[in-house]
Each structure stands twice: as structure tokens, then as C-alpha cells.
Protein chains: 2
Amino acid sequence: MTGQSAGAPTRRPTRQQLAVAAALGQTEDFVSAQQLHARLRGDGNPIGLATVYRCLAALAAVGRLDVLRTDDGEAVYRQCSTDHHHHLVCRICGRTVEVAGPTVESWAESVAREHGFRDVRHTIEIVGTCATC
Amino acid sequence: MTGQSAGAPTRRPTRQQLAVAAALGQTEDFVSAQQLHARLRGDGNPIGLATVYRCLAALAAVGRLDVLRTDDGEAVYRQCSTDHHHHLVCRICGRTVEVAGPTVESWAESVAREHGFRDVRHTIEIVGTCATC
DNA sequence: ACGGAAATGAGAATCATTGTCAACCCGCGG
DNA sequence: CCGCGGGTTGACAATGATTCTCATTTCCGT
Ligand SMILES: [Zn+2]
Ligand SMILES: [Zn+2]
Ligand SMILES: [Zn+2]
Ligand SMILES: [Zn+2]
């Protein structure tokens with residue numbers, strides 16, 4: 001109980017960690033660790049794959065990232081935005097529309113509470129065929 | 001139109017497929033392909049791991065199984081009830097509660113239509129910490 | 001029963017993720 | 001300012017679920 005128990009055991013700052021954080025800050029889309037690694041290197045930012053995983057894990061542990069799994073099991077990460085929303089994706093052309101709705105938010109919240117669940121998070125993805133496809 | 005000709009290319013029935021279906025019918029819990037494989041063999045029911053995966057994929061394709069991913073990316077399957085629903089999962093003990101709500105269904109539908117999307121599907125996962133954890 | 005197509009199974013191959021461990025770097029004490 | 005200790009990194013090996021390969025077996029219509 002003593003010591004710096006409270007909050008995040010601050011990680012020692014390094015170039016790599018900043019790079020990862022910066023890269024995540026440049027997009028609102030979900031990216032996989034592999035993609036992020038490739039992107040960083042592409043931007044002339046040398047970093048090891050294992051380090052990318054470690055940074056992502058660290059950020060996720062502190063709750064700064066949203067993590068979800070694609071259908072084929074790959075983990076994808078996104079910087080938690082203060083502005084919570086979901087995506088409507090076209091299964092043909094990939095067009096993505098951001099949608100937000102208090103309706104679904106409160107529904108999820110109430111459903112969870114109703115069953116005694118705490119610290120609730122949710123993942124919602126709506127997939128369809130867009131008007132032009 | 002004419003029977004199920006257009007839809008599901010009916011799979012040729014075999015002992016293995018029946019065994020997999022039967023095993024899935026014996027439990028309400030989610031099981032991984034590996035677990036199912038072990039269980040089947042344990043019950044003196046010889047079957048190849050690849051076949052288990054194939055059967056599961058086939059069943060899931062026809063919509064007879066609910067599939068979801070554990071935090072570590074492993075796919076788990078469960079025979080699903082005929083009705084559409086979603087899952088409330090405990091991030092600690094894995095306890096799963098089925099939830100259904102016209103609220104969220106119509107919300108998803110309207111949001112999609114509002115943007116001109118057709119043939120809409122959605123994925124919703126609510127994760128939290130259950131009362132006993 | 002016969003023949004061809006579908007299904008199976010053992011093992012190899014794939015691929016994201018994690019573990020290993022020596023080299024490296026950052027902040028602090030001297 | 002300089003050197004040390006321990007957190008951090010990175011190349012590579014290891015893991016483990018899932019998929020692929022292909023020879024063999026099984027099912028089904030004829
Ligand atoms: Zn489209
Ligand atoms: Zn939401
Ligand atoms: Zn629980
Ligand atoms: Zn639904």
C-alpha cells in the first residue's frame with residue numbers, strides 16, 4: 001500500500017515511446033501493431049517490433065488506448081479519444097462513417113448495470129453496403 | 001426461392017461433424033477449437049484438429065454458432081440460440097450473459113439507413129467486471 | 001458395387017504475439 | 001561533469017492458434 005502505489009508506474013520516456021504515441025495521435029483509425037511498426041519505420045523512425053508491442057501494451061494498460069480484435073484475431077489499437085463514437089463501414093468500398101448516439105451508449109450502460117457489471121466498455125461495429133456500392 | 005438451394009451449400013454429413021455438433025450441444029459455455037478437440041478425443045471420439053476447425057467454420061458460416069474472441073485472441077464458439085443477441089462479458093472471470101435489446105437493434109438499423117447503407121449487420125460486445133469479481 | 005467428389009487427418013506452414021538476453025540509454029549520486 | 005544501475009530496446013528464437021497440403025478415406029448417386 002505504500003510507495004508510489006497510486007496511479008501509473010511512470011514509464012521512463014524514450015524516443016521510441018514518443019514515436020509510438022505520436023503515430024497513434026496522427027490517426028483516428030484503428031491500427032495493428034504490425035501496421036504501426038511498418039509505418040514508423042517508413043517514416044524513418046527505427047524501432048523494434050517487440051518494442052511497438054511493449055509500448056502498445058503499456059499504453060493500453062494505463063487506459064490510453066482502445067483495443068479490439070479484428071475478425072481474424074489481429075489486435076488493433078486506437079488512441080482513446082475524448083469523443084466516443086462508432087463506425088459504420090461499407091463492406092465493399094470500405095467507406096467509413098463515424099456515428100455517435102446517446103441511445104446506444106445508455107443502452108449499453110444500463111444493460112451492464114442491470115447485471116451488476118462495472119467498468120464497462122463496449123465495441124460496436126455496423127457493417128453494410130453503402131449507397132454507391 | 002427454391003428451398004435452400006441458393007443459400008447454404010449443404011455439407012455432406014459425417015461422423016465427425018455430428019460429433020462436433022453434439023459436443024457443442026452439450027454445453028452452454030463458449031469453447032475453443034482446441035478445447036473441443038481435446039474433449040472429443042477424451043470421449044473416445046477420434047477426430048483431427050483441422051477437421052474440428054473446418055466443422056466450426058462451416059457451422060459458423062451457416063450462422064449456427066456464436067463466435068467471439070477472448071482477450072488473447074483465441075476464438076471461442078458456442079451453439080447459438082435462433083434469436084439475435086449480444087454478449088456481456090466479464091473481463092476477469094469470463095462469465096458471459098446474453099443480452100438482447102430492440103433498442104440497440106433499431107438504433108443500428110436507423111443509423112445505417114440514415115446514411116444510405118443496405119444489408120446491415122452489426123457487432124456489439126460489452127465488456128465489464130461482473131459483480132462477483 | 002463403382003467412380004468421382006467431398007471430407008478427413010497428420011504434419012508442415014503461417015503469422016501475430018511473446019519471451020530471451022545482451023547491449024543500450026536515461027537520470028541520479030558523487 | 002562522469003560513471004553506475006536499472007529500466008528499455010532490439011534481433012532473434014519460441015510459442016501457439018489457425019490454415020494449408022495432399023494422400024487417403026468416406027459418402028452418395030447411379
Ligand atoms: Zn461502399
Ligand atoms: Zn459507444
Ligand atoms: Zn467475473
Ligand atoms: Zn443486435
Side-chain angles (χ1 to χ4, degrees), chain A residues 3-5 7-24 30-62 64-78, chain B residues 3-5 7-24 29-62 64-78 94:
Chain A
Q4 31 67 295
S5 56
T10 309
R11 198 151 208 265
R12 191 194 310 184
T14 64
R15 170 181 62 76
Q16 291 89 335
Q17 286 172 41
L18 295 176
V20 167
L24 284 168
F30 281 94
V31 277
S32 70
Q34 309 274 348
Q35 291 174 326
L36 199 56
H37 179 232
R39 182 174 308 177
L40 285 167
R41 291 204 153 174
D43 293 353
N45 217 327
I47 187 174
L49 180 56
T51 301
V52 172
Y53 276 103
R54 279 186 293 243
C55 290
L56 289 173
L59 288 170
V62 189
R64 299 254 293 280
L65 292 185
D66 281 334
V67 186
L68 60 85
R69 296 262 175 188
T70 63
D71 275 345
D72 56 310
E74 194 177 11
V76 285
Y77 309 79
R78 180 186 66 175
Chain B
Q4 27 67 301
S5 58
T10 310
R11 195 150 210 266
R12 183 155 65 188
T14 65
R15 169 179 64 73
Q16 291 88 338
Q17 285 173 43
L18 295 175
V20 167
L24 284 167
D29 295 329
F30 280 93
V31 278
S32 70
Q34 310 273 347
Q35 291 174 326
L36 198 57
H37 180 232
R39 182 174 308 175
L40 285 167
R41 290 205 154 172
D43 294 352
N45 217 326
I47 185 172
L49 179 56
T51 301
V52 173
Y53 276 104
R54 278 186 292 241
C55 289
L56 289 173
L59 288 170
V62 189
R64 300 255 292 281
L65 292 184
D66 279 334
V67 186
L68 60 85
R69 298 266 174 182
T70 63
D71 273 347
D72 55 310
E74 195 177 11
V76 286
Y77 308 79
R78 184 183 64 172

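Note on naming: letters A, B, ... go to the chains in the order of the sequence lines (proteins, then strands), and numbering restarts at 1 for each one. Bear in mind that the values here come from a model prediction, so they are computed numbers and not experimental data.
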Calculate the interatomic distance between Asp72(B) atom CG and dG16(D) atom P; express it in whole Å. 11 Å
Categorize Gln17(A) for me: base, sugar-phosphate, or nothing, with a 4.0 angstrom heavy-atom threshold over every strand shown. sugar-phosphate
Do any side-chain nitrogens or oxygens of Gln16(A) fall under 4.0 Å of OP1 or OP2 in dC25(C)? no
Residue whose nearest DNA chain D nucleotide is more 5′ - Pro13(B) or Ala75(B): Ala75(B)
Please check if atom CG in Asp71(A) has more than 12 non-hydrogen atoms from other residues, nucleotides or ligands closer than 6.0 Å. no
For Arg11(B) and dA5(C), what is the distance between atoms CZ and P respectively, to the nearest whole Å? 18 Å
Ranking Arg12(B) and Thr51(B) by the position along DNA chain C of their nearest nucleotide, the one closer to 5' is Arg12(B)
Look at Thr14(B) and dT8(C) and indicate whether a side-chain polar atom (N or O) is within less than 4.0 Å of OP1 or OP2. yes
For dT19(D), take OP1 and OP2 only and decide whether either is under 4.0 Å from a side-chain N or O of Tyr53(B). no
Using atom CG of Asp71(A) as one end and atom C1' of dC15(C) as the other, report the distance to the nearest whole Å. 17 Å
Is the shortest heavy-atom distance from the side chain of Leu24(B) to the side chain of Leu56(B) under 4.5 Å? yes
With sugar-phosphate meaning primed atoms plus P, OP1 and OP2, does Ile47(A) contact a base, only sugar-phosphate, or nothing at under 4.0 Å between heavy atoms? sugar-phosphate
Starting at atom CD of Gln35(A), determine the distance to atom P of dA16(C), rounded to an integer number of angstrom. 10 Å
Non-hydrogen side-chain atoms of Leu68(B) and Phe30(B) separated by less than 4.5 Å: yes
Report yes or no: does Gln17(B) contribute a side-chain atom to a donor-acceptor pair with the main-chain N or O of Cys55(B) at less than 3.5 Å? no
In whole angstroms, the gap separating C1' of dT19(D) from CD of Glu74(A) amounts to 16 Å
So, Glu74(A) and Ser32(A): side-chain donor and acceptor under 3.5 Å apart, yes or no? yes
Under 4.0 Å between a side-chain N or O of Ser32(B) and OP1 or OP2 of dA17(D)? no
How close or far is atom P of dT9(D) from atom CZ of Arg41(A), stated in whole angstroms? 14 Å
Nearest whole angstrom, please: distance from the C1' of dA11(D) to the NE2 of His37(A). 11 Å
Using whole Å, what does the distance between atom P of nucleotide dC12(D) and atom CZ of Arg54(A) come to? 15 Å
